[in-house]
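The model shown is predicted, which means the values in this text are computed figures rather than measured ones.
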Amino acid sequence: MAQLQEFTLTQLKELIEHNDDHLANNYISQNLAVARNVQSVIIREQFSGIPTLLPEMRILVIKRGWTHVTLNMIEHRFEQGDLVYLGPNGIIQFHDASPDVQALGISMSNEVLQLAIGNSIPQAFDGHLRDFHLHLQQDEVNYYDGLHDLLSRYFREEGYSSQVTLHLVGALLWFVNNLWCRQEQSHRASQTRDQQMFTDFIQLVAQHAPEHHTIEFYASRLCLTPRYLSTIVKQVSGKSAKQWIDDALVTRIKIDLLHTDKPVSTIGDEMNFPNPSFFAKFFKRMTGMTPRDYQNRHKS
């Protein structure tokens with residue numbers, strides 16, 4: 001129904017096969033993908049400018065060039081040496097990328113993730129983070145590249161073992177977790193209290209915007225007054241707290257309009273609007289068109 005509004009590993013496999021002349025460098029199944037050469041053409045086709053829901057987690061390391069995207073409501077420009085993690089059911093919107101961009105990619109289902117890490121869960125992947133990004137030193141990029149290459153080459157071995165595969169995936173995840181823990185400790189130490197509060201607010205909005213549209217809910221969860229929360233968010237981000245909530249809400253509505261077969265009225269009900277008229281007015285105020293007009297315009 002929609003144009004790549006949900007992008008699964010099966011769709012990634014089809015896209016890679018269509019664009020990549022060197023398929024030996026990539027392994028893609030329904031549950032795990034390891035790509036040695038993610039290029040600009042693939043990024044542009046995969047994320048066409050409309051918010052895209054990614055069911056499986058993804059890790060990307062930029063080896064060359066840059067890309068400009070929005071991850072879970074926040075705009076970023078990622079460049080050479082950046083590692084980007086997007087958790088399951090993350091939302092990405094592509095804006096632009098340099099023609100020479102090249103990256104290492106890995107993606108996996110929750111089942112593969114759980115099997116790879118076992119009972120001892122790395123903190124970076126325990127579910128409390130929807131996304132994160134790190135800047136790696138060259139030796140860290142080289143080490144990650146080596147682990148990634150080892151995993152990729154192992155898939156080309158005849159009769160490869162699933163147990164070995166899971167242990168290699170686990171090693172890669174634990175390496176990323178150690179990088180995150182090291183940089184997170186330094187980042188938290190340098191953040192002000194207001195910046196930490198804003199980060200916590202954004203994480204709550206990403207989780208609860210479809211059901212809770214008021215500042216009062218988030219202020220209560222953060223043990224703040226609505227007025228104080230509004231002041232912090234505005235000072236740190238330049239946008240009001242209500243703008244962040246509304247932006248997150250309209251993004252989720254767009255995905256439901258394009259990705260599901262739900263009637264517009266059902267989407268409005270599930271997003272906690274009091275009636276269809278209020279829902280339509282909110283969406284038109286945010287986008288300049290009604291939900292049905294938006295849906296019709298972006299149908300494939």
Side chains of Gln114 and Asn110: do they bring a donor and an acceptor to under 3.5 Å? no
Hey, does the side chain of His213 reach the backbone of Met271 with a donor-acceptor pair shorter than 3.5 angstrom? yes
Do the rings of His68 and His95 sit parallel, tilted or perpendicular, given the 30° and 60° boundaries? tilted
Does any donor atom in the side chain of Gln163 or Ser161 lie under 3.5 Å from an acceptor atom in the other side chain? no
I'd like to know if the side chain of Glu140 and the backbone of Gln137 have a donor-acceptor N/O pair within less than 3.5 Å. yes
When the ring planes of His76 and Phe78 are compared, do they come out parallel, tilted or perpendicular, using 30° and 60° as the limits? parallel
Parallel, tilted or perpendicular: which fits the ring planes of His208 and Phe217, with parallel below 30° and perpendicular above 60°? perpendicular
Got a second to check how far Asp247's CG is from Gln243's CD, nearest 0.5 Å? 6.5 Å
With sequence neighbours excluded, residues passing side chain to side chain donor-acceptor pair (under 3.5 Å) with His167: none
Looking at Trp174 versus Phe125, is the centre-to-centre ring distance below 6.0 Å? no
Nearest-0.5 Å distance, OG1 of residue Thr192 to CD1 of residue Ile232: 9.0 Å
Could you check whether the rings of Phe273 and Phe279 sit parallel, tilted or perpendicular, using 30° and 60° as the cut-offs? tilted
Exam field: side chain Asp293 to backbone Met289, donor-acceptor pair closer than 3.5 Å: no
Given side chains that start at C-beta, do those of Leu147 and Leu168 come closer than 4.5 Å, heavy atoms only? no
